[in-house]
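Naming: A, B, ... by sequence-line order, numbering from 1 per chain.
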Amino acid sequence: MDLTFSDAERAFRDELRGWIAANHPGAEPEGEEASFAWRVAWQRALAGGGWAAVSWPPEYGGRGATLVESAIFNEELARARAPQPANVLGLLLGGPTLMVHGSDEQRERFLPGIVSADEIWCQGFSEPDAGSDLAALKTRAVKVDGGWRVTGQKVWTSFAHHATWCMLVARSDAEAAKHKGLTYFLMDMREPGITVRPLRQITGAAEFNELFLEEVWIPDENVIGAVGNGWAVALTTLMNERAGLAFGLQVALKVLLDELTAAAVARGLLDDPSVAERLGDLHMRCEILRLTAYRGLTAQMKYGQPGPEGSLTKWMWSDTNQRATELAVELIGPEALATDSRWSFELLRARGNTIEGGTTEILRNIVAERVLGLPRLGRT
Amino acid sequence: MDLTFSDAERAFRDELRGWIAANHPGAEPEGEEASFAWRVAWQRALAGGGWAAVSWPPEYGGRGATLVESAIFNEELARARAPQPANVLGLLLGGPTLMVHGSDEQRERFLPGIVSADEIWCQGFSEPDAGSDLAALKTRAVKVDGGWRVTGQKVWTSFAHHATWCMLVARSDAEAAKHKGLTYFLMDMREPGITVRPLRQITGAAEFNELFLEEVWIPDENVIGAVGNGWAVALTTLMNERAGLAFGLQVALKVLLDELTAAAVARGLLDDPSVAERLGDLHMRCEILRLTAYRGLTAQMKYGQPGPEGSLTKWMWSDTNQRATELAVELIGPEALATDSRWSFELLRARGNTIEGGTTEILRNIVAERVLGLPRLGRT
Amino acid sequence: MNFDLTDDQREIQRTARALLTARSSFASVRAVAESPARTYDTALWEELIGLGWAGIAIPETYGGQGLGLLELAVVAEQLGWAATPSRWLSNALAAQLVLGAGSERQREQLLPELAVGRETATVGIARDGVAELVPDADSARWIVLVERGQAIVHDARGGGVAIEPRETIDPTRRYARVTVHASGAGAGRLLDGPLEAGLDRAEVVLAAELTGLAQRALELTVAYVQERRQFGTPIGAFQAVSHRAAQQLLETEGARSAIWFAAWAADAEPEALPRAAAMAKAAAADAGRHVTAAAIQLHGGIGFTWEADVHWLYKRAQLDAALLGSASEHRRRIARLAAAAADAAAPGVSADAEAAAGRGHA
Amino acid sequence: MNFDLTDDQREIQRTARALLTARSSFASVRAVAESPARTYDTALWEELIGLGWAGIAIPETYGGQGLGLLELAVVAEQLGWAATPSRWLSNALAAQLVLGAGSERQREQLLPELAVGRETATVGIARDGVAELVPDADSARWIVLVERGQAIVHDARGGGVAIEPRETIDPTRRYARVTVHASGAGAGRLLDGPLEAGLDRAEVVLAAELTGLAQRALELTVAYVQERRQFGTPIGAFQAVSHRAAQQLLETEGARSAIWFAAWAADAEPEALPRAAAMAKAAAADAGRHVTAAAIQLHGGIGFTWEADVHWLYKRAQLDAALLGSASEHRRRIARLAAAAADAAAPGVSADAEAAAGRGHA
């Protein structure tokens with residue numbers, strides 16, 4: 001066991017730190033459009049410095065970073081309170097999926113635009129009636145000459161109004177059983193028939209969208225993997241979803257806890273054992289999250305793919321983040337609930353943590369079934 | 001709404017208090033045999049004072065106490081730290097079941113012995129493979145001339161080694177579906193073929209027994225209700241199981257919390273907000289348990305039978321009692337874990353609270369299905 | 001012994017539920033919450049006055065209905081159930097505080113106008129002369145500020161206090177910061193009755209609203225999980241869902257037991273009120289927050305959207321829980337009272353011990 | 001960066017598991033626990049010595065194996081997994097305390113004998129000269145008592161301390177009360193190195209045993225719920241069961257992350273040890289108690305019987321959690337260290353702040 005970074009890793013971190021310090025995009029501007037433009041500019045700066053696609057192989061414009069270096073990248077971004085690049089879904093999900101399942105032509109056509117942020121990607125998986133149960137999706141792709149016509153509805157689509165490409169899973173064979181008959185497409189968001197409607201959250205912000213598709217054209221060459229093999233391709237995307245971000249989320253949580261601790265000290269509340277115990281508990285959980293994420297990383301280095309243990313860190317993080325914001329509100333008192341307090345936003349936003357990217361209920365299912373090997377009702 | 005006792009109820013309580021003060025059985029003697037004898041003597045004293053079967057109608061030797069008076073009876077016993085009478089299962093379960101489903105002859109034959117503690121009753125429902133799932137029981141009753149021969153195994157049988165009668169549910173029709181084909185018997189514990197084996201708990205005490213039955217003879221006249229109607233008769237018994245004792249358990253919990261509070265004060269720990277919050281929380285839960293139990297009683301007075309809400313108070317009580325014993329151990333420190341500390345026994349005993357008389361998991365099922373009306377998997 | 005509402009109380013409950021179902025649907029809550037001015041429905045306010053509910057628990061001598069705190073709690077729970085934007089609660093908190101903590105003269109001065117809804121009032125907990133997030137302070141004539149064991153009634157028209165509207169996460173109600181001018185501090189009138197009794201009564205009202213929020217969140221959840229299907233079955237059939245819904249019921253019913261008892265005790269057994277009120281507020285603050293949070297979770301992604309209605313309940317529960325002392329503070333108070341009661345029961349210890357174990361936060 | 005055991009460490013883990021599976025089955029645990037004298041298996045003790053595990057983390061200069069605290073934690077976890085009745089832990093706690101908190105001379109005096117298991121020792125936290133429930137004190141030559149920031153080594157043969165065996169709920173280990181005679185107080189030797197470092201090392205060992213208890217409880221549960229059928233299906237298929245088992249895994253793995261890091265840091269990054277040790281003990285105390293309690297619950301009625309084996313784990317977890325400071329105390333310490341670290345990071349604040357934020361309990 002060795003928890004220190006190697007010289008190479010330290011050099012990577014130091015170089016990145018220096019680069020971020022010199023190129024930090026500053027504070028997020030007001031307004032959704034301005035904010036997105038700011039993140040695009042940030043990604044272009046990253047790309048200019050060779051930092052946009054750190055984990056991608058050099059031949060696709062990446063830096064070929066190791067898993068540990070990728071973790072460091074996410075940690076450092078969070079530590080510097082710099083945002084994720086604008087095309088985070090293309091970088092984390094789209095690119096890696098293409099590298100596994102795409103054709104040479106597709107890789108050549110799409111990967112450069114992902115890195116440069118010239119083409120923004122979004123993800124069209126969830127549907128109103130297929131949230132946790134992806135295989136129940138109903139969006140239908142009908143075969144026509146030279147391509148497909150897609151009709152249906154998607155939801156929870158981040159960046160849809162900025163995106164040029166959508167990773168879309170649709171039912172291409174209505175007769176096949178639930179998991180079969182799905183195909184994974186790249187849909188051009190500029191095609192007619194697509195309506196994007198922002199979906200406001202309880203925070204008041206609209207991070208996500210609904211997507212209404214009516215006979216949207218997708219040419220045959222934009223099928224990823226084989227027709228009917230969409231479930232397997234989608235799993236590759238989902239597998240990558242939980243892997244990379246844990247390190248950044250952990251650091252963001254640590255930053256939040258340190259602020260909360262400072263607020264408690266400033267109010268003289270650390271002498272209150274009840275406050276101290278709850279704060280200490282959160283620091284402990286946050287550190288265990290970091291350590292467990294690194295254990296997962298080690299396992300991934302040894303055995304290849306990320307394992308279902310990634311569900312553990314997502315579960316730990318969302319639970320701890322909710323507890324932290326709840327403690328903040330109790331500790332700071334009513335004024336934390338004013339909209340001009342950052343804590344009020346954090347409190348509301350954290351409620352989504354146990355829902356987005358796999359509800360805690362689904363994560364527990366995954367841990368029970370795939371890690372512990374317990375049976376599932378109806379399959380025994 | 002009126003939460004005061006009526007004059008009659010107050011008079012009942014005062015009379016009872018006076019009677020208990022004059023007749024208190026004193027401290028429990030060492031040893032299981034001595035302890036049981038002490039409880040038999042206590043029941044005889046109660047019976048002598050007309051207090052043994054408070055809720056039974058006078059024609060069966062009871063006092064015809066109202067539901068409120070029965071609650072008061074249980075509260076006062078607990079407050080005086082007097083034990084339940086020896087034949088508590090006969091008084092609470094057996095008698096009421098006979099009153100609903102028994103024949104006149106059966107009532108005449110059995111009820112007096114229950115009140116006098118001349119005949120002790122036990123309950124043979126649970127089996128090793130039918131714990132929460134009573135309908136899965138396998139003990140078989142085979143019809144023979146004039147009666148039945150019963151073979152099988154029962155478990156969690158309190159008082160089996162003292163009992164003369166056992167409320168036994170057995171499968172009398174192997175062909176019938178799960179809930180059908182059960183019959184409710186009164187089995188004479190002095191018959192040959194019965195082996196009683198004490199079942200030690202994690203506390204070291206043996207409150208329960210295993211019961212091994214081999215071709216045990218039961219005459220036809222000891223069938224309660226109709227042959228094949230055992231499920232319905234058993235439900236009557238189970239319904240009574242959760243009803244009466246909540247008030248006594250609540251008071252016992254309150255006594256325990258008061259002792260714990262005194263221990264905290266004696267150690268100067270009440271100024272520790274963390275301790276104060278946890279203690280305050282437990283007092284709150286304990287009081288809510290009391291109030292909710294009285295709400296349930298009011299509902300029962302209005303609508304007749306006890307409702308599934310009884311599951312709520314059992315659930316609240318077991319949860320709060322476990323928390324209380326855990327806080328005690330933390331608050332008092334390692335010495336609470338010595339066997340000569342009462343808290344060490346309470347800690348271990350409390351672990352059984354969420355299992356015995358319906359596990360918390362089953363209680364939640366009951367609340368979800370019967371109170372909230374939620375569907376059950378596989379029945380939708 | 002009858003631990004249930006009387007027929008008359010049930011009738012109030014039914015009337016309130018019917019009125020609010022018709023006049024305070026989530027659509028109308030949303031209309032207020034999404035409007036920049038957050039203007040309350042004045043016609044509804046008139047209707048509440050018309051039913052006598054502005055003064056429901058104010059004695060007849062002061063022009064009220066002369067019913068008990070329990071009747072008031074029944075109305076408060078229903079207004080919580082509907083998340084109704086209304087100044088009814090602020091007025092009720094102030095009236096109950098004055099009723100409990102005011103002198104006879106002060107009651108005579110303040111209550112009659114409140115009892116018929118002709119005057120407006122509210123209550124805030126201040127620290128160094130500043131009370132954050134006082135409900136409806138921007139429209140209140142009388143603002144009662146509690147600080148260091150004293151309650152002072154400020155006349156908003158008197159110029160002794162500054163009022164700044166504040167935006168909070170709960171847009172179904174208006175809140176403002178109230179600051180006492182250093183020079184104007186003497187302008188307010190000290191309530192010179194027993195402050196504890198007044199605060200206890202106000203806490204019970206707030207606790208009742210919280211219980212209503214929990215109740216509605218439970219109802220929305222139960223309906224949703226029966227309808228929403230995933231993996232080929234209503235999600236309410238999964239224990240991960242149904243057991244959490246059962247927990248919602250447990251907490252909601254527990255809070256209801258606590259508020260009913262506290263409200264009843266306030267009038268019938270005042271000596272039991274301090275403990276009962278602290279328990280009611282702590283239990284209802286927990287239930288209000290936990291049950292509404294669980295409702296969001298059990299609604300899944302939909303529950304996290306602005307379009308769904310559960311968030312109104314969650315947000316108001318957060319504010320209600322933070323007003324008039326947190327659940328933690330109330331728990332500490334319960335422990336002090338329990339210790340004092342045990343002391344008092346012990347021989348040789350003064351019976352004043354319980355009275356001495358007052359609030360730590362006021 | 002490699003957050004996993006090395007092949008050598010895995011080999012120790014495998015060897016320990018194999019040895020304890022063969023020699024410390026629950027049947028043999030039960031035999032000790034049910035015997036009045038609770039006599040440990042001396043052959044097993046010899047075997048542990050033969051493997052060099054008495055001195056596994058004692059430097060070679062003092063006659064030990066010279067491996068790290070992580071190797072020791074690996075062995076401790078396995079002995080917890082098996083709930084082995086053995087004085088190995090008591091000796092290890094004492095050795096690590098002396099290693100961290102003793103002067104060079106004291107180490108030279110005490111460690112060589114402990115490293116080869118020729119001498120026996122233990123550790124207790126005292127209050128007013130009395131330490132309750134000190135593990136294996138009745139057979140210890142050296143008893144280290146920690147009180148008010150000082151650790152004093154008492155020679156049990158010296159007559160300065162009285163030792164009374166105590167029965168506890170954990171019959172898999174012997175415990176005794178140790179009382180310092182007023183007159184004999186001066187007879188002990190003060191450890192004059194940094195006490196914190198010693199206590200931190202000992203805490204990690206205890207935390208490792210707790211993690212092993214949790215691991216075994218999880219394994220027993222997973223096996224049981226796959227086999228036990230109710231309502232026509234293995235109960236492990238019900239989310240009420242499977243989700244709690246998932247929670248068991250979460251807590252066990254979390255504790256393991258914490259102890260591995262703390263054990264590694266003890267040798268490789270000692271400046272990280274105080275925080276890491278407090279986290280390890282708090283997390284493992286929680287996991288040990290919660291996971292074993294859940295195991296009893298998920299075993300249903302069987303889990304509440306003496307015949308089942310889960311209770312050995314639950315009981316020892318209770319004792320382990322209470323030794324060397326409770327989880328609450330460790331959480332407070334974590335918060336103080338976090339505040340001090342934030343202070344230290346702020347400009348103009350002395351870097352001594354973290355060092356000043358010591359234990360409150362010692």
Side-chain angles (χ1 to χ4, degrees), chain B residues 1-6 9 66-68 71 257-259 261-262 264-265 270 273 275-285 287-299 301-302 309 311-312 315-316 319 361 363-369 371-380, chain C residues 1-6 9 68 70 218 221-222 225-226 229 232-234 236-239 241-243 245-250 253-258 260-261 263-265 268-269 275-276 278-279 282-283 286 327-339 341-343 345-346 360:
Chain B
M1 178 162 328
D2 180 10
L3 291 176
T4 47
F5 291 133
S6 69
E9 287 158 354
T66 64
L67 286 168
V68 174
L257 285 179
D258 285 342
E259 284 182 34
T261 306
V265 170
L270 212 70
V275 172
E277 282 174 27
R278 292 175 71 186
L279 263 179
D281 183 66
L282 292 170
H283 278 285
M284 178 189 86
R285 290 171 186 270
E287 175 71 353
I288 285 177
L289 166 62
R290 181 179 79 92
L291 297 170
T292 306
Y294 270 110
R295 280 178 65 200
L297 199 66
T298 298
M301 290 192 290
K302 277 193 182 167
E309 297 85 358
S311 297
L312 279 186
W315 175 7
M316 284 178 181
D319 180 52
E361 290 77 10
L363 298 178
R364 287 182 187 234
N365 278 350
I366 292 172
V367 170
E369 291 164 25
V371 184
L372 295 177
L374 294 182
R376 186 195 286 193
L377 214 55
R379 287 203 192 163
T380 52
Chain C
M1 168 59 57
N2 169 25
F3 199 168
D4 196 0
L5 300 183
T6 61
Q9 289 158 347
L70 184 54
L218 170 62
T221 303
V222 168
V225 304
Q226 283 176 311
R229 298 178 71 91
T233 187
F238 294 109
Q239 284 177 323
V241 172
S242 66
H243 283 196
Q247 179 80 33
Q248 288 181 304
L249 179 83
L250 182 92
E253 291 299 340
R256 185 168 289 123
S257 297
W260 281 6
F261 177 69
W264 174 82
E269 281 187 1
R275 182 170 173 274
M279 287 179 174
D286 288 355
S328 298
E329 285 160 3
H330 289 296
R331 285 195 163 79
R332 295 174 192 194
R333 197 173 145 220
I334 296 164
R336 283 196 299 274
L337 290 166
D343 270 4

Does the side chain of [Y] come within less than 4.5 Å of [X]'s, by heavy atoms?
| X | Y | result |
| --- | --- | --- |
| Met284(B) | His330(C) | no |
| Met1(B) | Leu5(C) | yes |
| Leu3(B) | Met1(C) | yes |
| Met316(B) | Leu250(C) | yes |
| His243(C) | Phe238(C) | no |
| Arg364(B) | Ser242(C) | no |

So which residue, [options], ends up with the most heavy-atom pairs under 4.5 Å with chain C?
| options | result |
| --- | --- |
| Arg290(B), Lys302(B), Met301(B) | Lys302(B) |
| Leu374(B), Val275(B), Asp258(B), Thr66(B) | Leu374(B) |
| Asp2(B), Thr261(B), Val367(B) | Asp2(B) |
| Thr292(B), Val371(B), Val68(B) | Thr292(B) |
| Ser6(B), Pro273(B), Ala368(B), Ala264(B) | Pro273(B) |

Nearest atoms (heavy-atom pairs only) where Ala327(C) meets Asp286(C): CB-OD1, 3.7 Å

Residue selection (most heavy-atom pairs with chain B, distance under 4.5 Å) from Leu218(C), Ile334(C), Asp4(C): Asp4(C)

Can you tell me which of Ala338(C), Ser328(C), Ala245(C), Ala276(C) forms the most heavy-atom pairs within a distance under 4.5 Å of chain B? Ser328(C)

Which atoms of [X] are under 4.5 Å from chain B, going by heavy atoms: the side chain, the backbone, both sets, or neither?
| X | answer |
| --- | --- |
| Leu70(C) | side chain |
| Val225(C) | side chain |
| Gln239(C) | side chain |
| Gln247(C) | both |
| Ala268(C) | neither |

Structural part of [X] lying under 4.5 Å from a heavy atom of chain C:
| X | answer |
| --- | --- |
| Glu277(B) | both |
| Leu270(B) | side chain |
| Arg285(B) | neither |

Residues that Glu361(B) engages under salt bridge (Lys or Arg N to Asp or Glu O under 4.0 Å), provided they are two or more places apart: none

Does any N or O in the side chain of Gln226(C) come within less than 3.5 Å of the main-chain N or O of Gly373(B), such that one atom is a donor and the other an acceptor? yes

Do Arg332(C) and Glu329(C) meet the salt-bridge criterion of a basic N to acidic O distance under 4.0 Å? no

